[in-house]
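Chain A is the first sequence line, chain B the second, and so forth, proteins listed ahead of strands; every chain is numbered from 1.
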Amino acid sequence: MKQLLKLRVNGEEYEALVGPGMTLLDFIRNELELTGTKEGCGLGDCGACTVLMDGKAVNSCLVLAVDAKGKEILTIEGLAKGTELHPLQEAFIGHGAVQCGFCTPGMILSAKALLDEHPRPNEDEIKTAIGGNLCRCTGYVKIVESIKAVATKEEK
Amino acid sequence: MYLPQFEYFEPRTLDEACSLLDKYRGEVKVIAGGTDLIVQMKQKALSPPYLINLKQIPDIGDISYDESEGLRIGALVTHRAISTSAIIREKYNMLATASSKVGSVQVQNIGTIGGNICNASPAADTAPALIGLSARLKVLSGKGERVISLEDFFRGPGETVLGDNEIVAEIRVPNIEPYTGAVYLKHGLRKAMDLAIVGVAVVIRVDFERKKCEEIRIALGAVAPTPLRAKIAEEILRNKKIDDGLVEKAAHEAAWECRPISDVQASAEYRREMVEVFTERAVREAFRGAEAS
């Protein structure tokens with residue numbers, strides 16, 4: 001039986017009738033047509049589906065859409081302000097941390113969740129924060145460098 | 001990947017949840033964080049026609065502590081909340097560590113301690129840690145409540161003594177006495193998103209001169225069908241003066257008390273070796289913690 005789902009995504013209010021079996025990932029991609037969030041494994045292992053829910057990084061493939069009611073969701077589309085990219089997006093591009101780009105939205109959101117809570121993390125803390133995000137292309141080095149760059153920039 | 005069809009309920013009280021469990025007994029599952037259940041449903045290992053979401057129930061999501069009762073953790077408390085809780089880090093740091101090793105940040109943000117325990121993976125991280133801390137569970141049903149020692153809760157991989165109309169409401173951890181050290185070590189290949197190859201929890205209490213072991217609990221994960229207490233290893237150290245030779249002997253004994261299997265993660269032989277290595281490490285570390293306390 002469908003339920004009325006009310007939530008905020010990237011600062012905007014949305015209302016929709018959803019069945020209980022729809023995941024937050026399905027809702028974001030299919031109902032809202034925000035396809036920046038990816039389905040990598042569908043089982044919470046790869047982190048490609050990572051979004052921020054009330055500021056916390058979660059695997060949207062494991063969250064029932066109805067469970068996101070009343071929550072504030074941030075997807076990758078919510079980071080840039082018009083044509084002005086978020087510092088994390090700039091850093092990933094500048095440091096060569098994007099190859100195929102499939103893991104990138106999830107990586108950036110996990111990094112954002114970390115920096116919002118700990119503006120000056122050390123390398124270990126960065127690696128723990130992205131521990132749930134797999135990348136098959138880059139070998140992670142440039143991803144960690146990009147996040148570090150944003151973190152140290154915030155010091156100045 | 002899609003979920004099978006189900007009917008969905010969001011009770012607002014434990015009583016409501018229990019009567020739904022009675023009404024749809026045998027065909028219903030409860031969902032907390034969903035990090036295990038949703039995966040199992042997507043893999044078609046489980047297709048419950050009815051699902052009860054517990055997250056709208058207010059009484060089972062808190063952490064509380066007092067000197068006499070000890071620690072009470074609501075079943076819906078997430079691993080993230082446990083690993084960042086000031087009171088748990090201060091008084092039960094070993095549990096904060098165990099919760100911080102579950103899955104990944106994303107999993108810890110929604111996965112719950114109650115769900116982790118009830119999923120009853122033999123490799124779960126919080127189970128040996130809580131068994132080491134002598135945890136008990138408050139379990140509710142339409143018929144009332146009962147309290148079960150966590151050590152007696154597990155029956156086999158994915159199996160517990162929980163009836164199909166019962167809910168775990170709370171985890172109770174007794175107060176930690178002075179001169180106690182507690183450690184949880186997880187041996188795995190990766191930093192995150194990995195099952196333990198071997199998990200070892202040690203809680204040791206020493207005398208006030210910090211030389212003799214007065215009480216010790218050693219709980220092992222991932223090396224038996226359920227989390228396991230290494231009782232023979234414990235006996236070697238209990239009421240004895242701690243020295244290297246004794247610790248080595250106990251660790252060796254623990255390696256032979258467990259019943260590991262060979263699987264894609266590791267061979268049984270390797271697991272046994274690692275039980276010995278990590279039990280020794282954990283006992284030493286816990287002893288150092290007790291000395292410093």
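- The contact between A/C41 and chain B is made entirely by backbone atoms, counting heavy-atom distances below 4.5 Å.
- Surrounding NZ of A/K142 are at most 12 heavy atoms belonging to other residues, nucleotides or ligands under 6.0 Å away.
- Proximity to chain B is limited to the side chain of A/M53, based on heavy atoms less than 4.5 angstrom apart.
- Other residues, nucleotides and ligands contribute more than 12 heavy atoms inside 6.0 Å of the NZ atom of A/K38.
- Between B/K191 and A/E125 there is no salt bridge, since no side-chain nitrogen of the basic residue lies less than 4.0 Å from a carboxylate oxygen of the acidic one.
- No more than 12 heavy atoms of other residues, nucleotides or ligands sit less than 6.0 Å from atom NZ of A/K2.
- Taking NZ from A/K56 and OG1 from B/T78, the interatomic distance works out to 5.5 Å, rounded to the nearest 0.5 Å.
- Residue contact with chain B, scored on non-hydrogen atoms closer than 4.5 Å, involves the side chain of A/L134 exclusively.
- A side-chain contact (heavy atoms from CB on, under 4.5 Å) with B/Q106 is found for exactly one of A/T50, A/V51, A/D45, namely A/T50.
- Side-chain contact between A/D67 and B/I110 is absent, with no heavy-atom pair separated by less than 4.5 Å.
- In terms of non-hydrogen atom pairs under 4.5 Å with chain A, the most contact-rich of B/E10, B/Q5, B/E7, B/R80 is B/E10.
- A/G131 and B/A192 get closest at one heavy-atom pair: O-CB, 3.7 Å.
- Nearest heavy-atom pair, A/G132 versus B/S104, reported as atom, atom and distance to 0.1 Å: CA-CB, 3.5 Å.
- Remark: A/Y14 OH is packed, more than 12 non-hydrogen atoms of other residues, nucleotides or ligands lying under 6.0 Å away.
- Interface remark: A/I130 contributes no atoms to any contact with chain B (heavy atom separation under 4.5 Å).
- For the options A/M22, A/K69, A/M1, heavy-atom pairs under 4.5 Å to chain B are most numerous at A/K69.
- Judged by distance alone, the side chain of B/N109 and the main-chain N or O of A/A57 form a donor-acceptor pair under 3.5 Å.
- Around the NZ atom of A/K81, the shell of radius 6.0 Å holds no more than 12 heavy atoms that belong to other residues, nucleotides or ligands.
- Across all their heavy atoms, A/L62 and B/I38 have their closest contact at O-CG1, 3.6 Å.
- When each of B/V107, B/L37, B/I31, B/N53 is scored by its heavy-atom pairs under 4.5 Å with chain A, the top score falls to B/N53.
- The two residues A/P20 and B/Y8 have their closest heavy-atom pair at CB-CB, 3.5 Å.
- The candidate with the highest count of non-hydrogen atom pairs below 4.5 Å against chain B, out of A/L64, A/T23, A/L43, is A/L43.
- Using a 4.5 Å cut-off on side-chain heavy atoms (C-beta onward), A/C61 and B/K42 make contact.
- A/S110 touches chain B through its side chain: at least one heavy atom from C-beta onward sits under 4.5 Å away, while N, CA, C and O do not.
- Annotation for B/R190: atom CZ counts as buried by contact number, over 12 foreign heavy atoms lying within 6.0 Å.
- Neither the backbone nor the side chain of A/D54 comes within contact range of chain B, judged by heavy atoms closer than 4.5 Å.
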